[in-house]
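Reading through the structure tokens given below for one structure.
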Amino acid sequence: METRRVADILKNGQPEETVIIKGWVRTKRELKGFAFTEVNDGSSLAGLQVVLDNEIPDYDTIIKKVNTGASIEVAGKLVPSQGKGQKIELKANSVIIYGEADLETYPLQKKRHSFEFLRTISHLRSRTNTLGAVFRVRNACATAIHQFFQEKGFMWIHSPIITASDCEGAGELFTVTNLNLNNLPKNDAGEVDYSQDFFGKPAYLTVSGQLQAEVMAMAFQNVYTFGPTFRAENSNTSRHLAEFWMVEPEMAFCDLEGDQNLAEEFLKYIFKYVLETCPEDMEFFNKWINKTVLATADNIINNEFARITYTKAVELLEKADKKFEFPVEWGIDLQSEHERYLAEELFKKPVIVSNYPKEIKAFYMRLDEGEKTVSAMDVLAPNIGEIIGGSQREERLDVLERRIQETGMESDDLWWYLDLRRYGTVPHAGFGLGFERVVQFMTGMTNIRDVIPFPRTPLNAEF
RNA sequence: UCCUCGGUAGCUCAGCGGUAGAGCGGUCGGCUGUUAACCGAUUGGUCGUAGGUUCGAAUCCCACCCGGGGAGCCA
């Protein structure tokens, strides 16, 4: 007989003759001669209440082993519940114990734990309500991303995880090598001789798939990457990971406005999708984690994002009735406090800021008329800050070469990137989005380490 | 990396120079419909690590390690 998922049983909500479920015991309430237990199989936030009484075979031995954390299989009858907390419950006919859990050492209790503590038991924390809900939402979010792009005819492309050049210059890189670190080959100058390394030159974990996405967009028009990205930056914040997932769409024949339109449509789509597919989990976050989660989602879905230029943003900040730690003037990079003011206090919704000074942005962003600004845009979200960063790319070979020089990049490494402008260049644009930040924003979780199953941060790679 | 707060029982914390505490959890007992069940009893500690001050240090000082929050960098 087929094993049923608890989510389906609860959704159906009807009595049934015989049902089998498999899962992990969350709680047991033992009375004289019978017991209630809640079994969770990961399919939903709510578990199924199972009633065990001394008519089942081996009741006395089984009841001692049905403890929080134990894995069991229950066969029985779905009946209307006499209690108040649930519509139906499973009256067990028989129970199989797969694996016991020693209550004296099992670290998860029937009460709330701090997220800090749960991080020290990442191999078990997914069995808690909150982390369970987070990872179901994370999955829904990933599904929504693929569905959004696939529906629009974007091709999912697989950018390399190992790259041999630090093209974007974004942050510190992790080196990839198979040289013997205890006996490094040296050249005449006493430096490490990478010609003897696996790739014959230094190699790194990717910090962005953007340049490769541009390559593929020059053949397939609309593409996106969705995969892991690495930064060896020593950042200790609630918004940074050394290993995180990034989504990077790239569109040929597209300008900055089209880029902004896609970003807005994209965020609306995934919020809508998650609300529709994980209503129970979202209610949970709204109740226990952050009471503005549902209102925020509603705000995203039903309002147009504000769109202002950097120049306008600076104007607004200069006349803001608020004292900033970092003073505002045209030319500065916007600080966290400035971004927060715009998104949280002034507009109270996501704000797209565009056309930043060229000095504070990357070399590949398209130079605007007047050559003071570039066609960049950031989507700033309340409580999270920058959630999306994108731009129209510089498609003009001469301008791009000039910008590479100005920003001190090594054009020899970029020969293939420049070739895209030599052969059939087109205006194109794209953006990057930190996947975990979207999950954070959506769930209201304050620390990014709690929205990825196995967080990688400085000094932390245990699991 | 910087600023700041913290590290005491399995968990969450109180104690802040003079015998190491509470709640929860665990264990045992009670209870025929529980819902983080309830009631009673009980168990549980190198006070992050190493130095120093003191008659005496969980408590004061110093260094280091680890964690939270904020900042920088960014996604």
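Bear in mind that the values here come from a model prediction, so they are computed numbers and not experimental data.
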Report which part of the nucleic acid [X] touches: base, sugar-phosphate, or nothing (heavy-atom distance under 4.0 Å, all strands).
X	answer
Glu243(A)	nothing
Arg340(A)	nothing
Gln49(A)	base
Ser81(A)	base
Gly33(A)	nothing
Ile387(A)	sugar-phosphate

Please report, rounded to the nearest Å, how far the [atom2] atom of [N] is from the [atom1] atom of [X].
X	N	atom1	atom2	result
Arg127(A)	A36(B)	CZ	C1'	19 Å
Gln440(A)	C74(B)	CD	P	18 Å
Lys91(A)	G33(B)	NZ	P	15 Å
Glu233(A)	U1(B)	CD	P	12 Å
Glu55(A)	U32(B)	CD	C1'	12 Å
Glu30(A)	U27(B)	CD	P	10 Å
Lys28(A)	C38(B)	NZ	P	16 Å
Glu104(A)	C28(B)	CD	C1'	12 Å

Mind checking who [N] pairs with, Watson-Crick or G-U wobble, both distances under 3.5 Å?
N	answer
U4(B)	G68(B)
U32(B)	none
A41(B)	U27(B)
C60(B)	G52(B)

Charged N-O contact under 4.0 Å between [X] and [Y]:
X	Y	value
Asp259(A)	Arg393(A)	no
Asp41(A)	Lys22(A)	no
Asp368(A)	Lys358(A)	no

Can you check the distance between [N] and [M], where both ends of the measurement are the [atom1] atom (answer in whole Å)?
N	M	atom1	result
A50(B)	G68(B)	C1'	24 Å
C55(B)	C39(B)	P	50 Å
C64(B)	G51(B)	C1'	11 Å
G18(B)	G23(B)	P	23 Å
C16(B)	G25(B)	P	27 Å
C11(B)	C73(B)	P	37 Å
C5(B)	C38(B)	C1'	39 Å
G10(B)	G6(B)	P	23 Å

*How about Lys349(A): does its NZ atom have over 12 heavy atoms from other parts shown lying under 6.0 Å from it?*
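Above 12, so yes.
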*Hey, what's the ring geometry for Phe149(A) with Phe266(A), parallel, tilted or perpendicular (30° and 60° as the breaks)?*
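Ring orientation of Phe149(A) relative to Phe266(A): parallel.
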*With under 30° as parallel and over 60° as perpendicular, where do the rings of Phe284(A) and Trp288(A) fit, or are they tilted in between?*
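Tilted: the ring planes of Phe284(A) and Trp288(A) meet at 30° to 60°.
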Using OP1 and OP2 only, check whether a side-chain N or O of [X] sits under 4.0 Å from [N].
X	N	value
Arg26(A)	A36(B)	no
Lys32(A)	C31(B)	yes
Ser238(A)	G70(B)	yes
Arg239(A)	A71(B)	yes
Asn236(A)	C2(B)	no
Ser336(A)	G72(B)	yes

Between protein and nucleotides 11-14 of chain B, what N or O pairs are separated by less than 3.5 Å?
unit_1: C11(B); atom_1: O2'; unit_2: His113(A); atom_2: ND1; d: 3.4
unit_1: C11(B); atom_1: O2; unit_2: Lys111(A); atom_2: NZ; d: 2.9
unit_1: U12(B); atom_1: OP1; unit_2: Ser114(A); atom_2: OG; d: 2.7

[X], nearest nucleotide to its side chain (from [options]):
X	options	result
Arg437(A)	G68(B), G33(B), A75(B)	A75(B)
Arg449(A)	A75(B), U34(B), G68(B)	G68(B)
Lys110(A)	G33(B), A36(B), A75(B)	A36(B)

*Tyr224(A) and Gln150(A): side chain donor to acceptor below 3.5 Å*: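 Result is yes, a qualifying pair exists.
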Centroid separation [X] to [Y] less than 6.0 Å:
X	Y	result
Phe441(A)	Phe271(A)	yes
His338(A)	Phe324(A)	yes
Phe34(A)	Tyr59(A)	no

*Can you find a donor-acceptor pair, distance only, under 3.5 Å between Gln86(A) side chain and U34(B) base?*
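In this structure, the two groups form a donor-acceptor pair.
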*Stacking here means centres under 5.5 Å and planes under 30°; does Phe244(A) stack on A75(B)?*
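Answer is yes, a stack.
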